[in-house]
K.L.:
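Can you read through this structure? Questions will come right after.
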2 protein chains.
Amino acid sequence: MDRLDAIRSHLYANGFSTIQALADALGASLATVRRDLQILEQEGAIDRVHGGARIADGSSVEVAFQEREKRHLSAKRAIATVAYDLLHPRSAIFLDAGTTVLQLARLIRINPMPLRIFTNGLTVAQEFLNVPNLEVVLLGGQLRSENASIVGPQAEAMLETIWFDQLFLGVSAVSPDGTIYSVDSAEASLNRRMLTRSANRFVLADSSKFGTMATYKVAPLNAAKVITDSGLSDQWRGELAGLGVDVTIADLGTKE
Amino acid sequence: MDRLDAIRSHLYANGFSTIQALADALGASLATVRRDLQILEQEGAIDRVHGGARIADGSSVEVAFQEREKRHLSAKRAIATVAYDLLHPRSAIFLDAGTTVLQLARLIRINPMPLRIFTNGLTVAQEFLNVPNLEVVLLGGQLRSENASIVGPQAEAMLETIWFDQLFLGVSAVSPDGTIYSVDSAEASLNRRMLTRSANRFVLADSSKFGTMATYKVAPLNAAKVITDSGLSDQWRGELAGLGVDVTIADLGTKE
DNA sequence: TGTTTTATGTCCAATATCAATCATATATGC
DNA sequence: GCATATATGATTGATATTGGACATAAAACA
């Protein structure tokens with residue numbers, strides 16, 4: 001393994017390292033490490049910062065997913081906060097693999113309560129590592145890279161053996177006629193199955209999702225209660241009321 | 001959410017951030033961010049470096065696991081390289097959740113070939129996100145925080161429906177009488193099940209594991225072929241020969 | 001309301017890092 | 001084997017970051 005690979009590997013394993021630490025680990029001088037980092041930076045493999053370097057976004061975890069996670073972040077956090085208040089200790093809940101649901105997972109992590117959590121999201125599961133009083137069960141099946149989720153027939157079969165109190169489902173799009181859509185066929189199928197296995201169903205969707213389309217139909221919106229943010233247009237509020245959908249609006253506040 | 005939580009959350013989501021970026025994101029001055037980072041550093045939640053801060057080891061992924069990953073790293077890499085050469089394209093393999101096997105996963109990621117990969121390791125699965133020509137299936141079941149693995153009856157049931165060409169098993173310890181031991185009961189049980197579902201079985205164990213004990217018995221060592229490093233003592237080489245175990249020694253070379 | 005306490009922002013000297021230059025060691029080509 | 005090319009390490013002035021001192025604003029308290 002040449003030195004460039006060693007640096008790549010080191011940064012990949014640690015996420016970040018100081019130049020000094022790299023120099024020590026490789027037995028090379030600071031100047032040499034700096035030069036190597038320049039090369040890796042040009043390749044786009046790493047990002048340099050004063051004093052060190054970090055693995056570039058997309059080398060460790062999926063780019064698009066991380067970007068999506070940041071989009072409408074304050075809305076997602078507001079929605080997650082509302083959802084968090086719906087939880088009660090010792091219940092069994094299912095967390096979908098979406099970015100909004102990930103914010104809810106993060107809230108649970110920071111402010112834990114005893115729960116049995118089921119999920120098909122690797123990122124969600126990862127969030128709960130070493131959090132006390134949680135029993136976490138991950139669905140088994142095919143790994144879908146786009147959002148680090150588990151899908152496929154094995155996951156669906158495993159779902160059939162589980163029943164939970166609350167489902168928190170993130171969605172790709174809500175069509176103008178009030179139907180939930182997904183970008184992936186396997187994911188849509190699994191989502192449909194989730195909706196049949198829960199006593200209480202919540203769709204977490206920031207207001208930007210309303211009126212957009214994706215490829216695969218999941219279910220009509222009134223199959224679940226909806227939690228969204230205050231950016232929702234009056235028109236949509238009226239429409240949802242007409243559809244008989246139970247909507248909770250999370251207040252965005254003024255600043256993040 | 002107060003500013004400290006916002007910083008924690010920001011760093012948790014991004015792994016690393018410059019002080020300037022934090023100040024911009026929070027609408028606070030550099031001095032304020034610095035002071036907050038001091039507090040978080042004292043809490044042990046973050047590590048500071050020149051120009052920024054990163055989430056502390058253990059806040060994002062498990063501490064002990066990361067430490068274990070670094071121990072005997074060069075031996076693990078050498079072993080992984082030998083194992084990699086055993087792979088053939090389009091075959092179905094199972095990768096255990098151990099740290100040595102993780103190095104093999106990393107090799108596959110860096111130098112990909114078409115494979116169907118089964119695993120019970122979240123870290124292993126994560127490694128394969130967005131790697132082309134891989135079909136990755138994760139076992140479902142309970143999340144075990146210590147090494148981010150999936151265990152339990154659901155995982156064992158799912159194993160029964162799968163058959164693979166090669167199994168690569170990492171081990172906690174190999175007792176003086178040549179028995180594989182594990183630190184966890186559920187993990188030991190799952191490992192035993194793995195051994196019955198594969199045509200070819202390989203135990204990946206660096207030489208430091210030999211002659212140590214753990215709590216739960218997995219299987220006799222001759223249930224699999226062994227790949228270890230050149231640090232193995234002559235005494236052990238003799239003993240393994242006596243047990244009829246097929247051993248491959250990975251050369252450590254001179255330097256990492 | 002006035003006082004005290006706490007939190008935040010600005011300024012600046014001390015310190016650390018950076019990138020360019022030069023010297024040296026190693027590898028390559030003839 | 002010698003000359004050239006390349007890679008690495010040390011040095012140094014320029015630049016960026018740091019933490020403390022001080023000033024100001026906001027909050028808590030009497």
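Protein chains get the first letters and strands the later ones, always in sequence-line order, with residue 1 at the start of each. Only a predicted model underlies this, so the values are computations on that prediction, with no experimental measurement involved.
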K.L.:
Using the side chain to side chain contact (heavy atoms under 4.5 Å, CB included) rule, pick out the option among A:Leu107, A:Val124, A:Thr119 that qualifies with A:Leu102.
P.N.:
A:Val124
K.L.:
Between D:dA7 atom C1' and A:Ile39 atom CD1, what is the distance in whole Å?
P.N.:
10 Å
K.L.:
If you take atom types as modelled and just measure distance, does the side chain of B:Arg35 reach the base of D:dG19 with a donor-acceptor pair under 3.5 Å?
P.N.:
no
K.L.:
Would you sort out whether B:Val226 and B:Phe210 count as a side-chain contact (heavy atoms from CB on, under 4.5 Å), showing the intermediate values?
P.N.:
CA-CA 11 Å; B:Val226 172; B:Phe210 288 82; 3.9 Å; yes
K.L.:
Using only heavy-atom distances, determine whether the side chains of A:Lys209 and A:Ser172 contain a donor-acceptor pair under 3.5 Å.
P.N.:
no
K.L.:
So, taking the atom named CZ in B:Arg201 and the one named NZ in B:Lys225, what distance separates them when rounded to the nearest 0.5 Å?
P.N.:
9.0 Å
K.L.:
So, is B:Ser29 close to the C:dG9 phosphate, meaning a side-chain N or O under 4.0 Å from OP1 or OP2?
P.N.:
yes
K.L.:
Grab the CG-P distance between B:Asp24 and C:dG9 for me, whole Å please.
P.N.:
13 Å
K.L.:
Can you tell me how far C1' of D:dA10 sits from CG of A:Leu30, to the nearest Å?
P.N.:
11 Å
K.L.:
Take nucleotides 13-20 of chain C nucleotide by nucleotide from the 5' end and write B, S or -, depending on whether a protein heavy atom sits under 4.0 Å from the base, only from the sugar-phosphate, or from neither.
P.N.:
---SSSS-
K.L.:
Can a donor-acceptor pair be found between the side chains of A:Ser207 and A:Asp229 at a distance below 3.5 Å?
P.N.:
yes
K.L.:
Let me know which of B:Val247, B:Val174, B:Thr228 forms a side chain to side chain contact (heavy atoms under 4.5 Å, CB included) with B:Trp236.
P.N.:
B:Val174
